[in-house]
Amino acid sequence: MSEHKIEMIVFPNPMQHPEWVPPHSPEWYSNLDHELGEYKYPWKSEFDEPTAEIIFAQKISSYLTSDSRILDVGCGHGEFTCQFATQAREVVGIDRREGFVAKANQIKPADSVHFMTVDVNNGLPFPDDSFDLVYTKKGPWLFQSDGNREGNRVIKPGGIALLFLHGGTDGGLRELFPGLYTPFTHNLYDMQPLVSTLKLKENHLNLTEIQMIEETEYLSTPEDVLMKKCFGQNAKLKEFVWRECLPGVEEIFRKNATARGLKVTNYYRIVTARVE
């Protein structure tokens, strides 16, 4: 009887709370900057390897030579960017958040790595044909025929453009915590909507590959389930979610967690294109 009640728990949807802000909006990034000072996940978990970010880094590295100049658009606190310091002639990371850039400049490992505060909506401070490779890891995409086309301007002819997209988390998570996590309304493996949205041909990009990645993560505690959902939200929203959801999440977590934690699946897409 008690198990039946646990399975029927329906949580309030945080996205319907008036304090909820859309992920990757200016206010969302401001919350991260204020709380963490960097773009870094605050919850505790462990992963099966290779993680999605490792796969993306390997993809970038496969196109680099000692003469490459690369641009990371939306570099955050720069930890991911710095790993290419010894693989390219110059590595440039840009972000609109001054706090993120300040943190990045504290950790840069070599003079070949540069971090700059740049609002891409005001253009990029680089000459035409500056970079051999331009990538964004969940940041702004600068190859838009009906929007920002600065990527087309600063990348060299024949250069590589890479886009890393988070497609959501499931692996049972949305069934275990209804309301807190809502069901997917689309087919994760149907790439056509993404291709149509990107309009690669209109932006003088030839699609090389779209790679789907399923990343296995183990959330360590019930609180980590809530932290993952509320990443980038303010204290008032988190207080509501913890008060209304934590007791039920604790019960469900204890029932379903493995020795490594609660197993979930993160979905990512890597889009690779070459400039005409």
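Only heavy atoms go into these numbers, but all of them, side chains included; no hydrogens, no water, no symmetry mates.
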Enquirer: To check you understand the geometry: which heavy-atom pair defines the closest contact between S68 and A88, and what is its length?
Expert: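 In this case the closest contact between S68 and A88 is O-CB, 3.4 Å.
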Enquirer: Quick one, S45 with D224, criterion side chain to side chain contact (heavy atoms under 4.5 Å, CB included). Give me CA distance, side-chain angles, the key distance, then yes/no.
Expert: CA-CA 8 Å; S45 64; D224 295 313; over 6 Å; no
Enquirer: Indicate yes or no: at least one non-hydrogen side-chain atom of P18 is less than 4.5 angstrom from one of F240.
Expert: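 The answer is no; the side chains never approach within 4.5 Å.
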Enquirer: To the nearest 0.5 angstrom, please state how far the CD atom of E53 sits from the CD1 atom of I270.
Expert: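 One finds 10.0 Å between CD of E53 and CD1 of I270.
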Enquirer: So which heavy atom on G248 is nearest to which on F11, and how close?
Expert: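 Shortest heavy-atom separation between G248 and F11 comes out as C-CZ, 3.8 Å.
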Enquirer: For L124 and V73, what are the C-alpha separation, side-chain angles and deciding distance, and is it a side chain to side chain contact (heavy atoms under 4.5 Å, CB included)?
Expert: CA-CA 10 Å; L124 300 182; V73 182; 5.7 Å; no
Enquirer: Nearest heavy-atom pair of W141 and L200: which atoms, and what distance?
Expert: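 In terms of heavy atoms, the two residues are closest at CZ2-CD2, 4.3 Å.
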Enquirer: Would a 4.5 Å heavy-atom cut-off, applied to side chains only, mark I252 and V249 as touching?
Expert: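 Side-chain contact under 4.5 Å: no.
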Enquirer: Does any donor atom in the side chain of D33 or S30 lie under 3.5 Å from an acceptor atom in the other side chain?
Expert: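 S30 and D33 do not have a side-chain donor-acceptor pair below 3.5 Å.
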Enquirer: Taking the six-membered ring for Trp, are Y268 and H166 closer than 6.0 Å centroid to centroid?
Expert: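 Y268 vs H166: aromatic centres under 6.0 Å.
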Enquirer: Linking I/L/V/M/F/W/Y whenever their side-chain heavy atoms sit closer than 4.5 Å, directly or via other members, would I210 and F184 fall into one cluster?
Expert: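 I210 clusters together with F184.
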Enquirer: If you round to the nearest 0.5 Å, how far is OG of S220 from CE of M227?
Expert: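 These two atoms lie 10.0 Å from each other.
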Enquirer: Side-chain contact test, heavy atoms from C-beta onward, threshold under 4.5 Å: evaluate it for N206 versus K201 and give yes or no.
Expert: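 In short, these two side chains touch, coming nearer than 4.5 Å.
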Enquirer: Regarding K137 and the six-membered ring of F56, is the cationic atom NZ or CZ under 6.0 Å from the ring centre and inside 45° of its axis?
Expert: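 Ring-cation test returns no.
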Enquirer: Test side chain to side chain contact (heavy atoms under 4.5 Å, CB included) on F84 and S61 and set out the steps.
Expert: CA-CA 7 Å; F84 306 112; S61 296; 3.6 Å; yes
Enquirer: F80, Y41: one ILVMFWY side-chain cluster at the under-4.5 Å cut-off?
Expert: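 F80 clusters together with Y41.
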Enquirer: Tell me whether K138 at atom NZ has more than 12 heavy atoms from other residues, nucleotides or ligands lying less than 6.0 Å away.
Expert: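 Counting other residues, nucleotides and ligands, NZ of K138 exceeds 12 neighbours.
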Enquirer: Apply side chain to side chain contact (heavy atoms under 4.5 Å, CB included) to the pair Q144 and L198, showing each step before the final yes or no.
Expert: CA-CA 7 Å; Q144 304 177 42; L198 293 177; over 6 Å; no
Enquirer: Can you tell me which residue among V134, L163, N148 is in a side chain to side chain contact (heavy atoms under 4.5 Å, CB included) with F143?
Expert: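 Running side chain to side chain contact (heavy atoms under 4.5 Å, CB included) over V134, L163, N148 with F143 returns exactly one hit, V134.
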Enquirer: Taking K156 first and then D132, would you say they form a salt bridge - that is, a charged N and a carboxylate O separated by under 4.0 Å?
Expert: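 Looking at D132 together with K156, the answer is yes, because their closest N to O distance falls below 4.0 Å.
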Enquirer: Checking side chain to side chain donor-acceptor pair (under 3.5 Å) for the pair Q192/S196: CA distance, chi angles, key distance, verdict?
Expert: CA-CA 6 Å; Q192 190 54 50; S196 299; 3.2 Å; yes
Enquirer: Closest heavy-atom contact between L180 and P14?
Expert: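 In this case the closest contact between L180 and P14 is CD1-CG, 3.7 Å.
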Enquirer: Quick one: CE on M116 to CG on N105, what's the gap to the nearest 0.5 Å?
Expert: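 Reported to 0.5 Å precision, the distance equals 10.0 Å.
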Enquirer: Between NZ of K263 and OG1 of T216, what distance do you get to the nearest 0.5 Å?
Expert: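 Nearest 0.5 Å value for the NZ-OG1 distance: 5.0 Å.
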Enquirer: Side-chain donor-acceptor contacts of residues 21-28 below 3.5 Å, not counting sequence neighbours, with atom names and distances?
Expert:
from : atom 1 : to   : atom 2 : distance (Å)
H24  : ND1    : Y29  : OH     : 2.8
S25  : OG     : P22  : O      : 2.7
S25  : OG     : W28  : N      : 3.3
W28  : NE1    : F231 : O      : 2.8

Enquirer: Under 3.5 Å, is there a donor-acceptor pair between the D170 and T265 side chains?
Expert: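 Checked: D170/T265 side chains show no N/O donor-acceptor pair below 3.5 Å.
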Enquirer: Looking only at heavy atoms, which two atoms of E244 and P12 are closest? And how far apart?
Expert: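 In this case the closest contact between E244 and P12 is CB-CG, 3.8 Å.
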Enquirer: Where the side chain of R174 meets the backbone of T169, is there a donor-acceptor pair that is under 3.5 Å apart?
Expert: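 Here the side-chain-to-backbone pair exists.
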Enquirer: Identify which one of M191, R269, K59 satisfies the side chain to side chain contact (heavy atoms under 4.5 Å, CB included) criterion when paired with Q211.
Expert: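 So, applying the side chain to side chain contact (heavy atoms under 4.5 Å, CB included) to Q211 and each of M191, R269, K59, only K59 qualifies.
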Enquirer: Starting at CG of L165, measure out to CE of M212 and round the result to the nearest 0.5 Å.
Expert: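 Separation between the atoms: 10.5 Å.
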Enquirer: Between E239 and K236, is the salt bridge (charged side-chain N to carboxylate O under 4.0 Å, His left out) condition met? List the steps.
Expert: CA-CA 5 Å; E239 180 182 349; K236 191 172 183 180; over 6 Å; no
Enquirer: With heavy-atom distances below 4.5 Å as the criterion, would you say the side chains of F131 and I70 are in contact?
Expert: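 In short, these two side chains do not touch, never coming nearer than 4.5 Å.
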Enquirer: Do F126 and E150 have side chains that get closer than 4.5 Å, going by heavy atoms?
Expert: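 No, their side chains stay 4.5 Å or more apart.
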Enquirer: I want to check something: taking the side chain as every heavy atom from C-beta on, are P125 and V118 in contact at a cut-off of under 4.5 Å?
Expert: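 Of all side-chain heavy-atom pairs linking V118 with P125, at least one is under 4.5 Å.
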Enquirer: Which heavy-atom pair separates I107 from G78 by the least distance, and what is that distance?
Expert: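 What the structure gives for the nearest pair is CD1-C, 4.0 Å.
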Enquirer: Just so I know, are the side chains of R260 and D48 near enough to count as touching, which here means a heavy-atom distance under 4.5 Å?
Expert: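 Heavy-atom side-chain distance check passes, below 4.5 Å.
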Enquirer: Tell me yes or no: between the side chains of H17 and E19, is some donor less than 3.5 Å from an acceptor?
Expert: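 Result is no, nothing qualifies.
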Enquirer: Measure the shortest side-chain to side-chain distance between F177 and L262 over non-hydrogen atoms and say whether it is less than 4.5 angstrom.
Expert: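 With C-beta onward as the side chain, the pair touches.
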Enquirer: Among I155, I94, T81, T136, which one satisfies side chain to side chain contact (heavy atoms under 4.5 Å, CB included) with L71?
Expert: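 Between L71 and the candidates, side chain to side chain contact (heavy atoms under 4.5 Å, CB included) is satisfied uniquely by I94.
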Enquirer: Are the side chain of N152 and the backbone of N203 linked by a donor-acceptor contact shorter than 3.5 Å?
Expert: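 It does hold such a pair.
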Enquirer: With a sphere of 6.0 Å drawn around CG of D190, does it hold more than 12 non-hydrogen atoms of other residues, nucleotides or ligands?
Expert: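 Yes, the 6.0 Å shell around CG holds more than 12 heavy atoms from other groups.
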Enquirer: With a 3.5 Å distance limit and no angle check, can you tell me whether N31 reaches the backbone of G232 through a side-chain donor-acceptor pair?
Expert: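 Present.
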Enquirer: Give, for atom CD of Q233 and atom CD of E35, the distance between the pair rounded to the nearest 0.5 Å.
Expert: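 Spacing of CD (Q233) from CD (E35) equals 10.5 Å.
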